S.K.: 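Dropping the structure in here first, questions after.
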Number of protein chains: 2
Amino acid sequence: MERLDVPPDVVIRRLPLYARSLRYLLDEGVLSVSSQELGERINVTAAQIRKDLSYFGEFGKQGIGYDVEKLLTHIERILGLNHRWPVVLVGAGYLGQAIARYEGFQKQGLQIVGLFDTDPTKIGQQVGDNEIRDYAEMPAIIEKYQVRLSIISVPAAHAQSVADLLIKAGVRAILNYAPIILQTPDDVWVRYIDPVAVLHSMTYYLAREQS
Amino acid sequence: MERLDVPPDVVIRRLPLYARSLRYLLDEGVLSVSSQELGERINVTAAQIRKDLSYFGEFGKQGIGYDVEKLLTHIERILGLNHRWPVVLVGAGYLGQAIARYEGFQKQGLQIVGLFDTDPTKIGQQVGDNEIRDYAEMPAIIEKYQVRLSIISVPAAHAQSVADLLIKAGVRAILNYAPIILQTPDDVWVRYIDPVAVLHSMTYYLAREQS
DNA sequence: CTGATTTCGTGAATTGTAGCACGAAGTTTC
DNA sequence: GAAACTTCGTGCTACAATTCACGAAATCAG
């Protein structure tokens with residue numbers, strides 16, 4: 001029996017981890033995997049994996065487990081990864097350039113179709129496959145490639161105005177590396193990459209260790 | 001009355017966001033702030049902020065709110081940010097170099113005291129304030145500075161072995177940028193920075209939008 | 001072909017988190 | 001100095017997420 005509940009966001013966030021682990025298993029030549037084995041690889045309980053998957057259908061076989069390739073295909077389709085997603089990246093500092101050069105994006109269905117910065121000395125420079133462009137070109141690129149996904153890697157002070165520009169141009173999802181919470185309309189998804197905050201939450205535990 | 005409950009990890013993870021917002025307020029010259037105002041800045045309800053803080057004491061004043069500077073000092077002490085934390089960074093590719101050059105770490109009490117790579121052509125090069133060193137020097141540096149915090153920015157295939165080295169040398173917390181789940185002892189904290197997974201969870205929603 | 005074994009899918013129980021709403025304590029207004 | 005207002009801290013309630021545990025379905029051994 002198929003579930004009709006809307007899958008909670010926590011479940012959606014785990015799906016990419018399942019997908020990645022399945023890709024590794026596929027590379028290793030593993031044909032099938034149980035929820036138990038998959039769970040051990042990604043530190044999640046077997047029941048959690050089964051329950052998560054049950055929001056989307058029945059993909060396993062009793063006594064056997066899951067067919068690695070089939071389950072991967074299913075999850076990729078659920079996530080919309082059966083086609084490439086164009087992405088724009090704003091901010092071509094050290095971090096932005098590192099992101100632009102990271103092959104992991106291109107390999108996983110994410111194609112950076114525009115890299116932008118305001119620094120006139122940077123504009124025109126080539127970074128990997130991308131040329132650094134002026135903000136003025138942003139709306140045209142977003143329109144041309146129908147971009148809905150974006151990454152912000154500008155200093156905190158400029159992140160909000162960049163977000164406003166992106167949203168105005170049609171972007172619907174933002175991955176923000178700047179250490180500031182963005183104010184956006186309800187129909188725009190925003191996620192944060194915040195290594196300093198993460199490290200600071202770990203210092204809490206370290207500070208309490210052998211005391 | 002002071003709470004005796006152990007604060008849940010979700011609360012600990014929010015504290016750095018509160019701290020950061022308070023730092024911005026302090027810079028703006030704001031002297032006091034209500035849970036309402038603070039909440040609006042970081043998209044958290046006022047009740048949540050009050051409840052979170054109540055795990056650690058009573059910091060506010062009825063009718064007024066919180067003294068920005070005082071609350072910030074309290075939170076920083078709670079997080080152990082009243083002193084600097086030495087950090088080692090393993091992996092000096094584009095990403096590792098971008099991390100090493102990011103001033104945000106140094107400014108927020110995190111001091112990179114060692115930058116390591118295996119590539120012989122890189123060893124000896126200077127990246128910001130740090131020289132790229134061979135893995136062989138890792139244990140000595142970790143011992144010398146009593147390092148317990150680390151960052152991994154090596155390719156996925158090497159991340160586990162690097163984690164093993166770090167833990168063996170005495171590191172107790174790892175921030176892992178490599179797209180792989182690490183297997184570690186229970187007394188080591190591991191957190192992940194995984195932009196691809198985050199983007200993939202957003203494609204789920206985008207794929208369902210106007211359909 | 002039968003019994004033992006594995007593993008799924010899921011309702012029920014448990015655990016965890018967030019939000020409401022109110023008493024208390026302080027400030028402001030006139 | 002009293003009434004109106006603001007805002008904290010927190011017990012309680014509601015909601016959400018995770019885990020348990022078991023029937024069902026499949027395989028495997030002999």
Side-chain angles (χ1 to χ4, degrees), chain A residues 1-18 21-22 25 30-72 74-75 78 181 201 204, chain B residues 1-18 21-22 25 30-72 74-75 78 181 201 204:
Chain A
M1 171 95 74
E2 195 164 326
R3 287 187 151 255
L4 294 173
D5 285 340
V6 174
D9 187 59
V10 269
V11 173
I12 303 305
R13 292 188 194 221
R14 277 191 295 264
L15 291 183
L17 306 182
Y18 300 162
S21 195
L22 289 165
L25 286 166
V30 177
L31 296 177
S32 91
V33 68
S34 67
S35 56
Q36 181 68 38
E37 293 164 327
L38 188 58
E40 279 164 11
R41 292 192 162 233
I42 52 187
N43 294 345
V44 161
T45 65
Q48 176 123 83
I49 292 178
R50 296 201 302 276
K51 176 140 273 187
D52 284 355
L53 295 177
S54 78
Y55 281 101
F56 306 98
E58 304 189 4
F59 308 114
K61 238 184 196 152
Q62 281 97 332
I64 301 287
Y66 300 90
D67 179 294
V68 171
E69 189 173 2
K70 228 175 70 182
L71 181 56
L72 175 56
H74 273 296
I75 294 179
I78 292 164
I181 306 291
S201 71
Y204 172 85
Chain B
M1 173 93 74
E2 196 165 324
R3 287 184 152 258
L4 294 173
D5 285 340
V6 174
D9 186 58
V10 269
V11 173
I12 304 305
R13 292 187 194 223
R14 277 191 294 264
L15 291 182
L17 306 183
Y18 301 162
S21 195
L22 289 166
L25 286 166
V30 177
L31 297 177
S32 92
V33 67
S34 66
S35 55
Q36 180 69 38
E37 292 164 328
L38 188 58
E40 281 165 9
R41 291 193 164 233
I42 51 188
N43 294 345
V44 162
T45 65
Q48 176 123 83
I49 291 178
R50 295 202 301 276
K51 176 145 270 185
D52 284 355
L53 295 177
S54 78
Y55 280 100
F56 306 99
E58 304 188 4
F59 308 114
K61 240 187 194 149
Q62 283 96 333
I64 301 287
Y66 301 89
D67 179 293
V68 171
E69 190 173 3
K70 229 175 68 183
L71 182 56
L72 175 56
H74 273 297
I75 295 179
I78 291 165
I181 305 293
S201 71
Y204 172 84

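Worth saying up front: this structure is predicted, and the values here are computed from it rather than measured. Proteins come first, then strands; the chains are lettered A, B, ... in the order of their sequence lines, and each starts at number 1.
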S.K.: Heavy-atom distance under 4.5 Å between the side chains of A:Leu71 and A:Asp67, does that happen here?
M.R.: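 Of all side-chain heavy-atom pairs linking A:Asp67 with A:Leu71, none is under 4.5 Å.
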S.K.: Between atom NE2 in B:His74 and atom P in D:dG9, what is the gap in whole Å?
M.R.: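 Those two atoms, NE2 and P, are 11 Å apart.
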S.K.: Mind checking whether A:Phe56 and B:Tyr204 have parallel, tilted or perpendicular rings, split at 30° and 60°?
M.R.: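 Rings of A:Phe56 and B:Tyr204: perpendicular, over 60°.
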S.K.: Using whole Å, what does the distance between atom C1' of nucleotide D:dC8 and atom CG of B:Leu53 come to?
M.R.: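 After rounding, the gap between these two atoms is 11 Å.
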S.K.: Write down the distance between CD1 (B:Ile49) and P (C:dC20), rounded to a whole number of angstrom.
M.R.: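 The distance from CD1 of B:Ile49 to P of C:dC20 comes to 14 Å, rounded to the nearest Å.
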S.K.: Compare all side-chain heavy atoms of A:Val68 with those of A:Leu31 and state whether any distance is below 4.5 angstrom.
M.R.: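 A:Val68 vs A:Leu31: side chains apart.
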S.K.: Could you check how far CD of B:Gln36 sits from P of C:dA21, rounded to whole Å?
M.R.: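 About 15 Å, once rounded to whole Å.
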S.K.: Going by side chain to side chain donor-acceptor pair (under 3.5 Å), name the residues that satisfy it together with A:Glu69, two or more places apart in sequence or in a different chain.
M.R.: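 Once residues adjacent in sequence are excluded, A:Glu69 has no partner under the side chain to side chain donor-acceptor pair (under 3.5 Å) criterion.
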S.K.: Among side-chain atoms of B:Arg50 and B:Ser35, is any donor-acceptor pair under 3.5 angstrom?
M.R.: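 Indeed, the side chains of B:Arg50 and B:Ser35 share at least one donor-acceptor pair under 3.5 Å.
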S.K.: Kindly say whether A:Ser34 contributes a backbone atom to a donor-acceptor pair with the side chain of A:Glu37 at under 3.5 angstrom?
M.R.: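 The answer is yes, because a donor-acceptor pair under 3.5 Å joins these two groups.
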S.K.: Give the rounded distance in Å between these two atoms: CG of B:Asp5 and P of C:dT15.
M.R.: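 Nearest whole value for this atom pair: 15 Å.
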S.K.: Using atom CZ of B:Arg13 as one end and atom P of C:dG16 as the other, report the distance to the nearest whole Å.
M.R.: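 After rounding, the gap between these two atoms is 15 Å.
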S.K.: Give a yes/no on whether any side-chain N or O of B:Ser35 is located under 4.0 angstrom from OP1 or OP2 of D:dT7.
M.R.: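 For D:dT7, neither OP1 nor OP2 has a side-chain N or O of B:Ser35 closer than 4.0 Å.
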S.K.: Whether A:Tyr66 contacts C:dG9 is assessed here as follows: a side-chain N or O lying under 4.0 Å from the phosphate OP1 or OP2. Is that the case?
M.R.: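 Checking C:dG9 against A:Tyr66, a side-chain N or O does come within under 4.0 Å of OP1 or OP2.
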S.K.: Once you round it to whole Å, what is the distance between P of D:dC8 and CG of B:Leu71?
M.R.: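 Going from B:Leu71 (CG) to D:dC8 (P), I get 10 Å.
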S.K.: Return the value, rounded to whole Å, for the distance between atom CZ of A:Phe59 and atom P of C:dC8.
M.R.: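 My rounded result for the distance is 13 Å.
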S.K.: Which parts of nucleotides 17-30 of chain D does protein reach within less than 4.0 Å, heavy atoms only, written one letter per nucleotide 5' to 3' as B for base, S for sugar-phosphate only and - for none?
M.R.: SSB-B--BBSS---
